[in-house]
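Below is one structure, written out as structure tokens; the observations come after it.
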Amino acid sequence: SWVDEERRNDISMLIQSLPALKKKLQLDEAGVWSSFIVSEECESDFPPPILERISFFQQVLVIQALRPDRLVSAIETFLQRALGIKELSPPALDLGSILEESQTKEPILMILSAGSDPSQELRSLAQQKRQALHEVAMGQGQADTALEKLRESMKHGQWLCLKNLHLMTYLVPQIMQEV
């Protein structure tokens, strides 16, 4: 058989789980699978007669069984097709575009993932737009400072960045009343 010894158990489990898939896959015909099995990007090199008979998700299952080294790429390809998108990674945050879409009296809330910090980009944008920028790292004892900077920023048309606001969520209603 053309299936590697180490992959036989996985393909056997796939066929047992989805018996209707066996006929569609033509696993008895090594020639059908010859380019797929050696392809560097097998998820893009499925045998044409098989491709017409199985779904995108079934393709992922076949790759999991026959070529687990390409599973991550196969899942990415599946998601792109299923979701109708070109890239899975979101575009980089563009504060300039966000600023253009915003209104002067509406706050901009950024919820960031661990390790991301747009502070430098924000400072650069403030400098480019000739805007004064106040930054307050929220935490113990910063409530009064934050409210004072908020009032000052509103009075003079300046920008305010409240960092780590999640540490003081009780202050949000008061901030919203100020705004």
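Surrounding CD of Glu40 are at most 12 heavy atoms belonging to other residues, nucleotides or ligands under 6.0 Å away. By the neighbour-count criterion of 12 heavy atoms within 6.0 Å, atom CE of Met13 is sparsely surrounded, having that number or fewer from other residues, nucleotides or ligands. Gln140 CD: 12 or fewer foreign heavy atoms inside a 6.0 Å radius.
For the pair Ile175 and Leu165, the minimum side-chain heavy-atom distance is below 4.5 Å. Between Met154 and Leu150, the closest side-chain pair of non-hydrogen atoms falls below 4.5 Å. Side chains of Leu125 and Leu133 form no contact here, defined as non-hydrogen atoms less than 4.5 Å apart. A heavy-atom distance below 4.5 Å is found between the side chains of Cys161 and Leu122. Residues Leu18 and Leu14 form a side-chain contact, since some pair of their non-hydrogen atoms from C-beta on lies under 4.5 Å apart.
Residues satisfying the ring-ring contact (aromatic ring centres under 6.0 Å, His included) test with Phe36, not counting sequence neighbours, are Trp33, Phe46. Arg70 pairs by the side chain to side chain donor-acceptor pair (under 3.5 Å) definition with Glu43, Ser73, not counting sequence neighbours. Under the side chain to side chain donor-acceptor pair (under 3.5 Å) criterion, Asp117 pairs with Ser119, not counting sequence neighbours. For the salt bridge (Lys or Arg N to Asp or Glu O under 4.0 Å) test, residues two or more places apart in sequence or in another chain that qualify with Glu100 are Lys129. The side chain to side chain donor-acceptor pair (under 3.5 Å) search around Gln59 returns Arg81, not counting sequence neighbours. Every residue meeting the side chain to side chain donor-acceptor pair (under 3.5 Å) condition with Glu135, not counting sequence neighbours, appears here in chain and number order: Arg123, Lys163. With sequence neighbours left out, Glu87 forms a salt bridge (Lys or Arg N to Asp or Glu O under 4.0 Å) with no residue at all. Phe57 is linked by a ring-ring contact (aromatic ring centres under 6.0 Å, His included) to Phe78, counting only residues two or more places apart in sequence or in another chain. Residues passing the salt bridge (Lys or Arg N to Asp or Glu O under 4.0 Å) test with Lys24: none are found, sequence neighbours excluded.
Panel note: side chain Glu29, backbone Gln26; no donor-acceptor pair is recorded below 3.5 Å. Judged purely by atom type and a 3.5 angstrom limit, Arg67 has no side-chain atom pairing as donor or acceptor with the backbone of Cys42. Side-chain N or O atoms of Ser12 include none that pairs as donor or acceptor with a backbone N or O of Asn9 at under 3.5 Å.
Hydrophobic clustering places Met138 together with Val172 (ILVMFWY residues linked when any side-chain heavy atoms are closer than 4.5 Å, directly or through intermediates). Trp159 and Val179 end up in different hydrophobic clusters when Ile, Leu, Val, Met, Phe, Trp and Tyr side chains are linked at under 4.5 Å. Both Ile50 and Leu71 are assigned to one and the same hydrophobic cluster, defined by single-linkage of ILVMFWY side chains at heavy-atom distances under 4.5 Å. In the hydrophobic clustering of this structure, Met110 does not group with Leu171; members are Ile, Leu, Val, Met, Phe, Trp, Tyr whose side-chain heavy atoms approach within less than 4.5 Å, directly or through other members. Residues Ile108 and Leu162 fall into different hydrophobic clusters, defined by Ile, Leu, Val, Met, Phe, Trp and Tyr side chains chained together at heavy-atom separations under 4.5 Å.
One distance of note links CD of Gln131 with CG of Leu99; it measures 8.5 Å at 0.5 Å rounding. Here CD of Gln64 is found 13.5 Å from CD of Gln58. Values are rounded to the nearest 0.5 Å.
Heavy atoms only, all atoms of each residue included: Pro49 and Val32 are closest at CG-CG1, 4.4 Å. Ser97 and Asp94 make their closest contact through OG-OD2, 2.6 Å (heavy atoms, listed as atom of the first residue, atom of the second, distance). In terms of heavy-atom proximity, Asp45 sits nearest to Ser35 at OD2-O, 3.7 Å.
Listed by first and then second residue, the salt bridge (Lys or Arg N to Asp or Glu O under 4.0 Å) pairs that reach into residues 152-161 are Lys149-Glu152, sequence neighbours excluded. Sorted pairs that involve residues 88-134 and meet ring-ring contact (aromatic ring centres under 6.0 Å, His included), not counting sequence neighbours, are lacking altogether. Judged as a side chain to side chain donor-acceptor pair (under 3.5 Å), the pairs with a partner in residues 166-179 (not counting sequence neighbours) are, in order, Arg151-Glu178.
Under the side-chain contact (heavy atoms from CB on, under 4.5 Å) test applied with Leu66, the options Ile11, Asp4, Leu61 reduce to a single match, Ile11.
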Worksheet item: Please walk me through it: do Thr77 and Phe56 pass side chain to side chain contact (heavy atoms under 4.5 Å, CB included)?
Response: CA-CA 9 Å; Thr77 301; Phe56 293 144; over 6 Å; no
Practice prompt. Let me see the working for Ile37 and Val3 under side chain to side chain contact (heavy atoms under 4.5 Å, CB included), right down to the final yes or no.
Written response: CA-CA 9 Å; Ile37 207 67; Val3 178; over 6 Å; no
